[in-house]
Structures are given as structure tokens and as C-alpha cells.
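We use all heavy atoms of the structure for the numbers below, so side chains are in, but hydrogens, waters and symmetry mates are not. Heads up: numbering here begins at 1 and tracks the sequence.
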Amino acid sequence: MPKAKVAPRQEVAGLLRVGTPYERTVGMRRLTNTATDIALSKDGHLHILCRGENLVFVRRLTIDDKDLGAFNLVGGGGPVGGSFKVEADFVWPSAIAIDASDRLWVCDEGANKFFILTLDGKVKGSFGKQGTGPGEMNRPSGFCFSPNGNIYVADTLNHRVQEITREGKFLLEWGRPGSGAGEFNMPWGVAADPNGDVYVSDWRNDRIQKFTADGKFIKQIGGSGTGEGEFNRPAGVTVDQDGDLYVADWANHRVQLFDRGGRFVEKFAGDATLSRQAREYMISNVMAMRLREMTPIEQQKRFRWPTSVRTGPDGRVYVADYGSHRVQVYKKEAVRLAPGQIAPRPRSNTLYTQF
């Protein structure tokens with residue numbers, strides 16, 4: 001059989017940013033308690049890692065907020081969690097992702113392991129152990145797949161990033177404790193862009209660092225603060241198909257968007273409405289209806305401790321709104337501009353526009 005041809009990637013010279021409006025909310029308390037991370041399967045369904053004090057589970061929802069069930073990773077069954085517990089030695093799962101084969105990967109910072117599951121919770125394998133040597137981990141918080149199919153993992157208490165194969169074989173590491181270029185103080189999130197460069201949220205240094213695929217420092221984005229482009233404990237990060245970078249600015253209760261050059265573009269503070277299931281619950285609960293009617297909703301719209309942000313191929317942006325037990329969804333609208341459709345970048349950053 002002849003090998004399928006891959007269409008060449010269109011060169012993008014810039015973006016006409018129409019906006020990133022809020023679209024909807026999915027999940028609610030009792031359904032997606034303490035939503036921590038999000039993964040998308042090929043069919044567009046959301047798999048939400050929910051990490052509470054005594055219960056950790058994966059909830060599956062459609063984009064229209066239909067509940068497809070859940071399974072527990074830690075703790076027993078019950079009205080909040082899933083209908084069954086996965087038979088594996090999970091301790092404190094921290095992040096999830098779904099690969100091209102629709103397998104669910106779970107990074108467990110308590111067990112210092114990766115677990116590979118089917119989408120319905122059957123364990124297919126695991127690897128990893130605690131330590132400081134090559135391929136060993138100490139409280140890994142986040143991970144992503146590289147363009148060549150390997151794994152970048154934020155090895156948090158070893159203050160480094162490691163690249164490993166999907167079988168757990170060590171390939172590369174970079175970083176050491178500190179606050180200088182290429183150093184880390186508890187890295188959390190990690191993401192690779194379409195060109196293979198790697199972004200790492202440097203949690204306690206309140207910054208994002210950008211590296212080449214082999215760990216060479218490129219630049220720092222941000223620093224401590226509450227202003228535009230500044231951070232207070234950045235958590236999850238992701239890069240979309242245009243090279244835009246999204247950062248869950250955890251303790252500033254917002255998500256920030258940067259372009260592929262690291263320039264601040266906009267921020268999202270939260271715009272939640274009630275999800276479909278939340279509306280159905282409220283309508284059937286007269287006391288909840290009364291309390292909602294008596295309460296100002298302005299602050300209830302906002303993010304509280306967002307831990308993760310993910311993007312889909314359709315331009316949707318998904319934010320794990322941890323403190324409000326839900327996922328807020330935005331929809332990026334942008335026109336991709338080829339060379340010739342936009343002027344070259346000026347030497348001066350001064351820009352006049354009437355729009």
C-alpha cells in the first residue's frame with residue numbers, strides 16, 4: 001500500500017485575531033469535583049481528572065455536558081466518584097493526556113509512575129520509580145508528548161525536565177535547582193509547540209521558560225506579579241496549532257495568552273454560566289434555586305485556582321476551573337495570514353491603528 005502523503009504545513013506570517021469568546025461551561029460540583037486536568041479523545045469527548053482529598057477519579061463528558069461515566073483511581077465508589085475503581089497502585093495522580101492511539105496516560109506524582117489505560121479505565125501498563133538518577137522521578141507534576149512521540153516530564157522535586165520514551169527509557173534531561181536561565185524551582189507544566197520547542201512553567205520562580213527540543217535555553221517569559229504577562233505560581237501550560245501559548249496563572253486566578261514570540265496578547269478571568277447539568281440540578285432542587293436567586297453571580301463567573309488549560313483542533317480552549325469544580329470553554333477565532341497578506345514586522349514597536 002503506498003504511503004499516505006502528508007500535506008505540507010502552511011506558513012503562517014501572522015494572525016488576524018477576531019477574539020476568543022467564552023462559549024460554555026461543562027461539569028459541576030458533584031460531577032467534576034476539584035477538576036485538575038483535561039484530556040481530549042479523538043471523538044472530542046472530555047476526560048477530566050478530578051483530584052479531591054480522599055478521592056481521585058476521571059470523569060468523561062461530551063462537549064454538550066452529557067455524562068459518559070467515571071472511574072476512580074484513588075478511593076472507593078460513591079455518589080461523587082465513579083462506578084468502579086481501577087485496579088492499579090495509584091497514589092496521587094497529577095496530570096493526564098491522551099495519545100494518538102486513544103490511550104489515556106496518567107502521571108502519578110505520589111507513585112512516581114506513569115500508567116497507561118484504555119479510555120474506559122483498563123490498565124495496559126505502567127513504568128517509573130522514585131529517585132534522582134536518569135529516568136527516575138521525584139513528584140512529577142506535568143507532562144506532554146513531543147512531536148516525535150516521546151514524553152517530556154516536569155520532574156518537579158528534582159527541579160528538571162526529562163525526555164523519556166513511551167516505554168520509560170531515559171533520553172535526555174536538563175535543569176537544576178535555582179532561579180537563573182535554565183534553572184528551576186519546582187517546574188509544573190510542560191508543553192511542546194509545533195516546531196518542537198518546549199515551554200515549562202517554573203512554578204516557584206513565577207515564570208515560563210522556553211527551550212529547544214534538546215534543552216537549550218531560549219528565553220524567559222514573565223516574572224512575579226499581577227500585571228499583564230506576570231505570574232503568581234503558573235501551573236498548566238499548552239500550545240495550540242498556531243504556536244500560541246496559554247498559561248494557567250494559578251494564584252492570579254486567570255489564564256494568560258501569549259503569541260509564538262512570547263508577547264502577551266490577552267487574559268481570561270472566567271465567564272462561567274451554569275452548565276446544562278447544573279441547570280437541571282438547580283431546577284429539581286428548590287432550596288438550591290432559592291440560594292441561587294439570592295446570591296450575586298458576578299464572582300461566581302470567575303476562575304478560582306485554575307490548574308490546567310488545553311486546546312483542541314477546532315480552536316476550543318478548555319480551562320480546569322479547580323476551585324469551582326467545572327471546565328470553562330472558550331473558542332478561538334482567528335484568520336491565519338500567509339506571507340503577502342500582512343506587512344513585515346516593523347523595526348519599531350510603535351503601532352498606529354484606527355481599529
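- Between the side chain of Asp321 and the backbone N or O of Arg304, at least one donor-acceptor pair lies under 3.5 Å.
- Comment: Asp108 does not engage Lys113 in a salt bridge, judged by the lack of any side-chain N to carboxylate O separation of less than 4.0 angstrom.
- Asp197 approaches Ala213 most closely through the heavy-atom pair OD1-N, 4.3 Å.
- Side-chain contact between Arg60 and His45 is absent, with no heavy atoms from C-beta onward closer than 4.5 Å.
- Here the CD atom belonging to Glu173 is positioned 4.5 Å from the CZ atom belonging to Arg160, to the nearest 0.5 angstrom.
- Note on Tyr246 and Val239: separate hydrophobic clusters, where clusters join Ile, Leu, Val, Met, Phe, Trp and Tyr whose side-chain heavy atoms are under 4.5 Å apart, directly or indirectly.
- Other residues, nucleotides and ligands contribute more than 12 heavy atoms inside 6.0 Å of the CD atom of Glu293.
- Within the 3.5 Å criterion, the main-chain N or O of Lys301 finds a donor-acceptor partner in the side chain of Gln328.
- Put simply, Met137 and Leu157 are part of two different groups of oily side chains (I, L, V, M, F, W, Y) that touch within less than 4.5 Å, one to the next.
- Contact annotation: the side chain of Asn285 approaches that of Met287 to within less than 4.5 Å [non-hydrogen atoms, C-beta and beyond].
- With salt bridges taken as basic N to acidic carboxylate O contacts below 4.0 Å, one links Asp314 and Arg316.
- Here the side chain of Asn148 pairs a donor or acceptor atom with the backbone of Asn150 at under 3.5 angstrom.
- Salt-bridge annotation for Lys332 and Asp242: present, with a side-chain N of the basic residue lying under 4.0 Å from a carboxylate O of the acidic one.
- Transitive grouping of hydrophobic side chains (ILVMFWY, heavy atoms separated by less than 4.5 Å) keeps Val58 and Leu68 in distinct clusters.
- Sorted by first and then second residue, the ring pair (Phe, Tyr, Trp, His ring centres under 6.0 Å) pairs involving residues 280-317 (not counting sequence neighbours) are Trp250-Trp305, His253-Trp305.
- Taking the side chain as every heavy atom from C-beta outward, Trp174 and Val198 approach each other to under 4.5 Å.
- The shortest side-chain heavy-atom distance between Thr34 and His325 falls under the 4.5 Å cut-off.
- Using a 4.5 Å heavy-atom cutoff, the side chains of Ile221 and Val247 are not in contact.
- A donor atom on one side chain and an acceptor atom on the other are not found under 3.5 Å apart for Gln300 and Thr295.
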Subject >> Verdict with reasoning, Phe268 to Val319, per side chain to side chain contact (heavy atoms under 4.5 Å, CB included) >> reply: CA-CA 10 Å; Phe268 310 94; Val319 183; over 6 Å; no
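- Ile116 CD1 to Leu104 CG: the interatomic distance, rounded to the nearest 0.5 Å, is 10.0 Å.
- Linking ILVMFWY side-chain heavy atoms closer than 4.5 Å, directly or via other members, places Val309 and Val329 in two distinct hydrophobic clusters.
- Heavy atoms from other residues, nucleotides or ligands lying under 6.0 Å from CZ of Arg176 number 12 at most.
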Original post:
Does the pair Arg51 and Trp92 meet the rule for a side chain to side chain contact (heavy atoms under 4.5 Å, CB included), with working shown?
Top reply: CA-CA 8 Å; Arg51 186 167 81 161; Trp92 195 233; 3.1 Å; yes
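- Between Gln162 and Glu136 there is no side-chain heavy-atom pair separated by less than 4.5 Å.
- Taking all atoms of both residues into account, the shortest heavy-atom contact from Asp206 to Ser224 is OD2-OG, 2.7 Å.
- Considering all non-hydrogen atoms of both residues, Ala95 and Ser141 come closest at CB-O, 3.5 Å.
- Residues Glu23 and Val317 have side chains not in contact (no heavy-atom distance under 4.5 Å, counting atoms from C-beta outward).
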Original post:
salt bridge (Lys or Arg N to Asp or Glu O under 4.0 Å) between Arg24 and Asp64: does it pass, once the steps are laid out?
Top reply: CA-CA 9 Å; Arg24 69 186 70 188; Asp64 295 321; 2.9 Å; yes
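- Nearest heavy-atom pair across Pro147 and Ala192 is CD-CB, 4.0 Å.
- If you take OH on Tyr152 and CG on Leu171, they are separated by 9.0 Å, rounding to the nearest 0.5 Å.
- Once rounded to the nearest 0.5 Å, the distance linking CD of Glu230 with CG of Asp249 reads 9.5 Å.
- Between the Asp67 side chain and the Gly69 main chain, a donor and an acceptor come within less than 3.5 Å of each other.
- Expressed to the nearest 0.5 Å, how far CZ of Arg233 lies from OG of Ser201 amounts to 12.0 Å.
- Under the 3.5 Å distance criterion, the side-chain polar atoms of Lys129 are left unmatched by any main-chain donor or acceptor of Asn112.
- Closest non-hydrogen pair, Pro93 versus Leu49, comes out as O-CD2, 4.0 Å.
- The minimum heavy-atom distance linking Pro194 with Gly243 is given by the pair CD-CA, 4.2 Å.
- At least one donor-acceptor pair under 3.5 Å links the side chain of Arg310 to the backbone N or O of Ile38.
- Ring geometry, Phe211 versus Phe217: the interplanar angle exceeds 60°, so the pair is classed perpendicular (tilted spans 30 to 60°).
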**OP:** For the pair Thr156 and Glu109, evaluate side chain to side chain donor-acceptor pair (under 3.5 Å) and give the outcome as yes or no after the intermediate values.
**Re:** CA-CA 9 Å; Thr156 303; Glu109 64 173 308; over 6 Å; no
Original post:
Stepwise, does the side chain to side chain contact (heavy atoms under 4.5 Å, CB included) test hold for Gln130 with Arg139?
Top reply: CA-CA 8 Å; Gln130 185 174 16; Arg139 307 291 292 195; 5.9 Å; no
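- Panel note: side chain Gln277, backbone Asp65; a donor-acceptor pair is recorded below 3.5 Å.
- Put simply, CD1 on Ile98 and CG on Leu46 are 9.0 Å apart, with the number rounded to the nearest 0.5 Å.
- Within the 3.5 Å criterion, the main-chain N or O of Gly236 finds no donor-acceptor partner in the side chain of Ser308.
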**OP:** Check step by step if ring-ring contact (aromatic ring centres under 6.0 Å, His included) holds for Trp105 and Phe145.
**Re:** CA-CA 10 Å; Trp105 290 67; Phe145 298 117; 5.8 Å; yes
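- Arg279 contributes a side-chain N or O that, together with a main-chain N or O of Leu274, makes up a donor-acceptor pair within less than 3.5 Å.
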**OP:** Could you give me the CA-CA distance, side-chain angles and deciding distance for Asp43 and Ser41, then say whether side chain to side chain donor-acceptor pair (under 3.5 Å) is met?
**Re:** CA-CA 5 Å; Asp43 54 16; Ser41 52; 2.4 Å; yes
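- Placement of Leu172 and Phe184 within a single hydrophobic cluster is found when ILVMFWY residues are connected by side-chain heavy-atom separations under 4.5 Å, directly or transitively.
- When side chains are defined from C-beta on, Phe115 does not count as touching Val86, because their heavy atoms never get closer than 4.5 Å.
- With hydrogens and angles ignored, the 3.5 Å screen pairs a side-chain donor or acceptor of Asp37 with a backbone N or O of Ile96.
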**OP:** Would you check, one step at a time, whether the test salt bridge (Lys or Arg N to Asp or Glu O under 4.0 Å) holds for Asp259 with Arg17?
**Re:** CA-CA 11 Å; Asp259 69 13; Arg17 297 180 183 276; 5.2 Å; no
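- In this structure, Phe258 and Phe231 have tilted ring planes: the angle between them lies in the 30° to 60° band.
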Original post:
Do Phe90 and Asn72 pass the side chain to side chain contact (heavy atoms under 4.5 Å, CB included) test, and can you show the C-alpha distance, the side-chain angles, and the key distance before you say yes or no?
Top reply: CA-CA 10 Å; Phe90 293 101; Asn72 295 348; over 6 Å; no
